Participant: 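This is the structure I want to talk about, given as C-alpha cells.
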Amino acid sequence: MNEVVRISGAPSAGPDLAELLGRVARGDQEAFASLYEGVCSPVLGVVRTVLRDPAQSEEVAQEVLVEVWRCAARYRPERGSVMNWVLTMAHRRAVDRVRSVQASAERDHKAALLERTPAFDEVSEQVENRLEREQVRRCLRNLTELQRQSVTLAYYRGLTYREVGELLSVPLGTVKTRLRDGLIRLRDCLGVSA
C-alpha cells in the first residue's frame with residue numbers, strides 16, 4: 001500500500017484565522033467563537049509558560065481573548081500572522097501580570113518594613129533625654145537652697161504644697177512663693193517660653 005506524501009504545503013488544519021478576525025472586527029460573534037476555538041489553547045499555553053499558576057493563567061488568557069474581540073480591527077496582516085499577533089498579546093499580558101504581582105509584593109514588603117521600623121530613633125531619644133536631665137540638674141543648682149528643696153519635694157517626690165510646708169516647717173504661703181520663684185528661675189534657665 002503506497003501512501004501519497006505531500007512535501008510542499010500541508011493541508012489546512014483549521015479555519016482561516018485572518019478571515020475570521022476580519023469578521024470579528026465587524027462584530028461577528030460566530031466568527032469570534034470559531035477564532036476562539038482556534039487560538040484558545042495556544043494562548044493558554046503561552047500564558048501558562050510565563051505565569052505557571054493555572055488559575056492566573058486562565059484569567060489572563062480570558063483577558064487576552066476579550067482584548068482580541070475589542071481590538072480585532074487593529075490587526076495588520078503585513079506585520080505577521082493572526083496567531084503571532086494573538087500570542088504576542090498573550091505574552092505581553094502575562095509579563096505585565098508577573099510585573100504587577102512583583103510590584104505588589106515589593107509594596108507589601110516595604111509596607112511591612114515601615115510597620116516594623118520604630119517611629120523614632122531610640123538612641124537619639126535617650127541622648128536627648130539625658131541632655132535634658134543634665135540641663136535641669138544644672139538649672140536646679142542655680143536655685144537657692146530653699147527653692148531647690150521646695151521644687152524637689154513637690155515635683156520629684158510628688159508631695160502637696162501643704163506636705164512640703166509641714167516637712168520644711170514653713171507656712172503654706174512661703175512654700176507657694178518659693179515654688180513660684182523657683183519655677184520662674186528654672187523656666188528662664190531652661191529657655192522655655194511661657
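This structure is a prediction, so every number in the text was calculated from the model and none was measured.
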Participant: So, the side chain of T88 versus the backbone of N84: is there a donor-acceptor pair under 3.5 Å, distance only?
Facilitator: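 Checked: pair present.
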Participant: Going through the checks in order, is the side chain to side chain contact (heavy atoms under 4.5 Å, CB included) test met by L17 and S81?
Facilitator: CA-CA 8 Å; L17 296 180; S81 72; over 6 Å; no
Participant: Looking at R148 and L140, would you say the former's side chain and the latter's main chain have a donor-acceptor pair under 3.5 Å?
Facilitator: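 Yes, because the side chain of R148 sits within donor-acceptor range (under 3.5 Å) of the backbone of L140.
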Participant: In Å and rounded to the nearest 0.5 Å, what is the OG1 to CG distance from T174 to L179?
Facilitator: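 Answer rounded to 0.5 Å: 11.0 Å.
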Participant: For atom CD of Q29, decide whether the heavy atoms of other residues, nucleotides or ligands shown that lie under 6.0 angstrom number more than 12.
Facilitator: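 Not buried by this count: 12 neighbours or fewer within 6.0 Å.
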Participant: Is a donor on one side and an acceptor on the other found under 3.5 Å between the side chain of R23 and the backbone of E19?
Facilitator: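 Judged by distance alone, no pair lies under 3.5 Å.
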Participant: What closest approach, in Å, do C189 and N142 show between heavy atoms, and which atom pair accounts for it?
Facilitator: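 What the structure gives for the nearest pair is SG-ND2, 3.9 Å.
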Participant: Quick check: closest heavy atoms across A72 and V24, and the distance to 0.1 Å?
Facilitator: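 Heavy atoms of A72 and V24 come nearest at CB-CG1, 3.7 Å.
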Participant: Hydrophobic cluster membership, with links at side-chain heavy-atom distances under 4.5 Å among I/L/V/M/F/W/Y: are L146 and Y161 in one?
Facilitator: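 No, separate clusters.
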Participant: Mark yes when over 12 heavy atoms from residues, nucleotides or ligands other than E145 sit less than 6.0 Å from its CD; otherwise mark no.
Facilitator: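 More than 12 within 6.0 Å, yes.
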Participant: For the atom pair CG (L190) and CD (Q135), what is the distance rounded to the nearest 0.5 Å?
Facilitator: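 Nearest 0.5 Å value for the CG-CD distance: 5.0 Å.
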Participant: Nearest 0.5 angstrom please: Q147 CD to R178 CZ, how far?
Facilitator: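 Going from CD on Q147 over to CZ on R178, the span is 9.0 Å.
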Participant: Give a yes or no on whether the backbone of S100 and the side-chain of S104 come within a donor-acceptor separation of less than 3.5 Å.
Facilitator: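 Answer holds: no.
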Participant: Do the side chains of W69 and V86 join up, straight or via other hydrophobic residues, at under 4.5 Å, putting them in one cluster?
Facilitator: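 The answer is yes; both residues are in one hydrophobic cluster.
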Participant: What distance do L143 atom CG and S150 atom OG have between them, rounded to the nearest 0.5 Å?
Facilitator: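 Output value for this atom pair is 10.0 Å.
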Participant: Should E30 and D28 count as side-chain neighbours, where that means a heavy-atom distance under 4.5 Å?
Facilitator: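 Result yes, sub-4.5 Å side-chain heavy-atom pair found.
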Participant: Spell out, as yes or no, whether a donor-acceptor pair under 3.5 Å connects the side chain of E37 to the backbone of S34.
Facilitator: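 Between the backbone of S34 and the side chain of E37 there is no qualifying donor-acceptor contact (under 3.5 Å).
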Participant: Might you point out which heavy atoms bring L44 and A61 nearest each other, and give the distance in Å?
Facilitator: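 Heavy atoms only, the tightest pair is CD1-CB, 4.0 Å.
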Participant: Hydrophobic clustering (ILVMFWY, side-chain heavy atoms < 4.5 Å, transitive) - are V39 and F32 grouped together?
Facilitator: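 Yes.
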Participant: Just verifying a value: how many Å separate H91 NE2 and D96 CG, rounded to the nearest 0.5 Å?
Facilitator: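 H91 NE2 to D96 CG: 10.0 Å, rounded to 0.5 Å.
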Participant: Identify whether L87 and L20 are in the same connected component of the hydrophobic contact network (ILVMFWY, side-chain heavy atoms under 4.5 Å).
Facilitator: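 Yes; L20 is reachable from L87 via cluster members.
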Participant: Would you please test R92 and V95 for side chain to side chain contact (heavy atoms under 4.5 Å, CB included) and show each step?
Facilitator: CA-CA 5 Å; R92 287 180 180 162; V95 169; 5.8 Å; no
Participant: Counting neighbours of CD on Q62 that are heavy atoms of other residues, nucleotides or ligands and sit closer than 6.0 Å, is the number greater than 12?
Facilitator: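 Atom CD in Q62 is not crowded, with 12 or fewer foreign heavy atoms closer than 6.0 Å.
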Participant: Checking salt bridge (Lys or Arg N to Asp or Glu O under 4.0 Å) for the pair R97/E59: CA distance, chi angles, key distance, verdict?
Facilitator: CA-CA 10 Å; R97 176 64 64 96; E59 186 179 316; 3.1 Å; yes
Participant: Is there a donor-acceptor pair under 3.5 Å between the side chain of Y75 and the backbone N or O of G80?
Facilitator: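 A pair under 3.5 Å: yes.
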Participant: Looking only at heavy atoms, what is the nearest atom pair of L186 and C139, with distance?
Facilitator: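 Looks like CD2-CB, 3.6 Å.
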Participant: Quick one: CG on L172 to CD on E166, what's the gap to the nearest 0.5 Å?
Facilitator: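 Answer rounded to 0.5 Å: 9.5 Å.
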Participant: Indicate yes or no: at least one non-hydrogen side-chain atom of V68 is less than 4.5 angstrom from one of Y36.
Facilitator: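 Of all side-chain heavy-atom pairs linking Y36 with V68, none is under 4.5 Å.
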Participant: Do I184 and V136 share a hydrophobic cluster, counting only Ile, Leu, Val, Met, Phe, Trp and Tyr and linking them when any side-chain heavy atoms are less than 4.5 Å apart?
Facilitator: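 I184 and V136: separate clusters.
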Participant: Could you tell me whether the side chain of W85 reaches within less than 4.5 Å of the side chain of L21, counting heavy atoms only?
Facilitator: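 They are in side-chain contact.
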Participant: Just by distance, do the side chain of R157 and the backbone of T152 share a donor-acceptor pair under 3.5 Å?
Facilitator: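 Absent.
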Participant: Would you name the heavy atoms of V164 and A154 that are closest together and state the gap between them?
Facilitator: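 Nearest pair, atom of V164 first, then A154: CG2-N, 4.0 Å.
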Participant: For a quick test of reading the model, state the closest non-hydrogen atom pair linking P54 to R48 and the distance between them.
Facilitator: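 Here P54 and R48 meet closest at CB-NH2, 3.7 Å.
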Participant: Kindly say whether D53 contributes a backbone atom to a donor-acceptor pair with the side chain of Q56 at under 3.5 angstrom?
Facilitator: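 Flag not set: sc Q56 to bb D53 has no pair under 3.5 Å.
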